[in-house]
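Just so we're clear, the structure is a prediction, and the values are computed from it rather than from any experiment.
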Amino acid sequence: MLNAKEKLVTIETKYGPIRLILFDQTPKHKANFLKLTKEHFYDGILFHRVIPTFMIQGGDPESKKATPDAILGSGDMDYTIPAEFVPELFHQRGAVGAAREDNPAKASSGCHFYIVQGKTYDEVTLETQAKRAGRPLTDAQKEVYKTKGGTPRLDGNYTVFGQVIDGMAAVDSIAAQPRNEADRPNVDISMMKVTAKKMSKKKITRRYGYVFAR
């Protein structure tokens with residue numbers, strides 16, 4: 001298992017690289033993201049929505065040539081991806097999730113995604129968040145939300161399909177940028193280049209400290 005290879009995704013930003021892995025448990029989302037990456041779809045796309053202690057979001061194809069006053073977020077692909085909810089995958093700090101429009105099936109956008117910055121919770125507020133999500137949390141997940149943080153109210157409502165394993169300092173810097181009333185950063189922040197490089201799981205663990213589930 002540890003000798004198997006995995007695709008390490010790197011998002012280059014002016015605040016440094018953000019590195020993430022994509023989950024096998026969400027095969028449709030993983031395949032779609034890797035396909036778009038291979039096609040260089042994300043190169044030059046903006047993080048058009050940033051909210052401190054919540055998340056940063058990008059993926060709108062119209063953002064590549066957007067004027068400073070443009071309202072972004074409506075550009076999308078001509079398809080959606082069926083929801084892939086996995087109880088073990090939750091909105092902890094650094095989780096990569098698929099954004100979506102409001103639809104009964106909770107199908108994901110074909111290109112919009114977000115990275116959770118989140119915040120920590122105490123027992124009382126965590127229970128309130130879990131009830132809002134409508135999905136119970138395991139003791140291990142509660143501990144993560146209490147110590148590392150995240151956004152538990154999104155669990156079971158948006159598909160989590162990846163995890164940042166290096167570069168959360170860049171995510172924090174992006175989330176902290178001044179923004180307008182639509183949460184678009186006042187100064188454009190682009191995904192300068194997005195790549196996926198095959199690497200052994202053993203090497204990923206050694207270099208970035210991420211431990212793959214057995």
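- Thr120 contributes no side-chain N or O that, together with a main-chain N or O of Gly149, makes up a donor-acceptor pair within less than 3.5 Å.
- In this structure, the side chain of Thr10 does not engage the main chain of Arg19 through any donor-acceptor pair within 3.5 Å.
- Met192 and Phe41 sit in two unconnected hydrophobic clusters of ILVMFWY residues. Membership requires side-chain heavy atoms under 4.5 Å apart, directly or through other members.
- A single hydrophobic cluster is seen to contain both Phe113 and Tyr15, as judged by linkage of ILVMFWY side chains at heavy-atom distances under 4.5 Å, directly or through other members.
- For residues 42-55, every residue pair satisfying the side-chain hydrogen bond (donor to acceptor under 3.5 Å, both in side chains) rule, not counting sequence neighbours, is listed here: His40-Asp43, Arg49-Gln57.
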* Asked: What's the verdict on salt bridge (charged side-chain N to carboxylate O under 4.0 Å, His left out) for Arg100 and Asp76, showing C-alpha distance, side-chain angles and the deciding distance?
  -> CA-CA 10 Å; Arg100 63 173 175 80; Asp76 211 331; over 6 Å; no
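- The closest donor-acceptor contact from the side chain of Thr147 to the backbone of Glu143 lies under 3.5 Å.
- Tracing side-chain contacts under 4.5 Å through hydrophobic residues (I, L, V, M, F, W, Y), one never reaches Val187 starting from Ile71; they form parts of separate clusters.
- Inter-residue side-chain proximity for Met191 and Glu12 is flagged as unmet; no heavy-atom pair is nearer than 4.5 Å.
- There is a path of hydrophobic side-chain contacts, each under 4.5 Å, that joins Leu22 to Leu36.
- No donor-acceptor pair under 3.5 Å is formed between the side chain of Ser63 and the backbone N or O of Gly59.
- The aromatic rings of Phe161 and Phe33 sit tilted relative to each other, their planes meeting at an angle between 30° and 60°.
- Looking at Met199 and Lys5, their side chains never come closer than 4.5 Å, going by heavy atoms from C-beta outward.
- Residue Asn157 holds its CG atom at 8.5 Å from NE2 of His91, rounded to the nearest 0.5 Å.
- No donor-acceptor distance shorter than 3.5 angstrom exists from the side chain of Asn32 to the backbone of Lys30, with no hydrogens or angles considered.
- Of all heavy-atom pairs between Thr37 and Ala196, the closest is CG2-N, 3.8 Å.
- Annotation: salt bridge (charged side-chain N to carboxylate O under 4.0 Å, His left out) contacts of Glu123 (sequence neighbours excluded): Lys146.
- Inter-residue side-chain proximity for Leu137 and Phe90 is flagged as unmet; no heavy-atom pair is nearer than 4.5 Å.
- Taking the charged nitrogens against the carboxylate oxygens, Asp60 and Lys64 have no contact shorter than 4.0 Å, which rules out a salt bridge.
- Considering only heavy atoms from C-beta on, Pro61 comes within 4.5 Å of Cys111 through its side chain.
- A pairwise comparison of heavy atoms in Gly156 and Arg135 identifies N-CZ, 3.7 Å as the closest pair.
- Taken to the nearest 0.5 Å, the CG atom of Leu20 stands 6.0 Å off from the CD1 atom of Ile115.
- Tyr210 is linked by a ring pair (Phe, Tyr, Trp, His ring centres under 6.0 Å) to Phe212, counting only residues two or more places apart in sequence or in another chain.
- A 4.5 Å side-chain heavy-atom check between Leu34 and Val9 finds at least one atom pair inside the cut-off.
- In terms of modelled atom types and a separation under 3.5 Å, the side chain of Glu84 and the main chain of Lys28 share a donor-acceptor contact.
- Between Arg132 and Glu127 there is no salt bridge, since no side-chain nitrogen of the basic residue lies less than 4.0 Å from a carboxylate oxygen of the acidic one.
- Note that the CG atom of Leu8 and the OG1 atom of Thr195 stand 8.0 Å from one another [nearest 0.5 Å].
- Nearest heavy-atom pair, Val171 versus Ile56, reported as atom, atom and distance to 0.1 Å: CG1-CD1, 4.0 Å.
- Under the 4.5 Å side-chain criterion, counting only non-hydrogen atoms from C-beta, Ser74 is in contact with Glu62.
- Judged by distance alone, with hydrogens and angles left aside, the side-chain atoms of Gln129 form a donor-acceptor pair with the main-chain N or O of Arg153 at under 3.5 Å.
- Using modelled atom types, one side-chain atom of Thr138 and one backbone atom of Gln141 make a donor-acceptor pair closer than 3.5 Å.
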* Check the pair Glu6, Lys203 against salt bridge (charged side-chain N to carboxylate O under 4.0 Å, His left out), reporting the backbone distance first and the verdict last. => CA-CA 10 Å; Glu6 184 56 86; Lys203 186 174 183 179; over 6 Å; no
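- Under the 4.5 Å side-chain heavy-atom criterion for grouping Ile, Leu, Val, Met, Phe, Trp and Tyr, Val194 is connected to Val50 within one hydrophobic cluster.
- Looking only at distances, a side-chain donor or acceptor of Thr13 sits under 3.5 Å from a matching main-chain atom of Gly16.
- Side-chain contact between Val86 and Val160 is absent, with no heavy-atom pair separated by less than 4.5 Å.
- The minimum heavy-atom distance between Gly167 and Ile18, with the atom names listed, is O-CG1, 3.9 Å.
- For the pair Gly94 and Gln163, the tightest heavy-atom approach, listed with the atom from each and the gap, is C-NE2, 3.3 Å.
- Under 3.5 Å, the side chains of Asp122 and Tyr145 contain no donor-acceptor pair of N or O atoms.
- Nearest heavy-atom pair, Pro152 versus Ala133, reported as atom, atom and distance to 0.1 Å: O-CB, 3.5 Å.
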* Checking side chain to side chain contact (heavy atoms under 4.5 Å, CB included) for the pair Phe23/Thr159: CA distance, chi angles, key distance, verdict? -> CA-CA 11 Å; Phe23 297 129; Thr159 296; over 6 Å; no
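- A heavy-atom distance below 4.5 Å is found between the side chains of Thr26 and Leu89.
- Ile204 contributes atom CD1, which lies 11.0 Å from atom NZ of Lys7 (distance to the nearest 0.5 angstrom).
- A 6.0 Å sphere centred on NZ of Lys14 holds more than 12 heavy atoms belonging to other residues, nucleotides or ligands.
- Of the inter-residue distances, the one linking Thr67 atom OG1 with Asp188 atom CG reads 9.5 Å to the nearest 0.5 angstrom.
- Contact check on Arg184 versus Asp69 returns no salt bridge, with no Lys/Arg side-chain nitrogen under 4.0 Å from an Asp/Glu carboxylate oxygen.
- Distance alone, capped at 3.5 Å, places no donor-acceptor pair between the His29 side chain and the Gly97 backbone.
- Taken to the nearest 0.5 Å, the OH atom of Tyr158 stands 9.5 Å off from the CE atom of Met55.
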* Evaluation steps, side chain to side chain donor-acceptor pair (under 3.5 Å), between Gln177 and Asn186 -> CA-CA 8 Å; Gln177 296 310 301; Asn186 294 339; over 6 Å; no
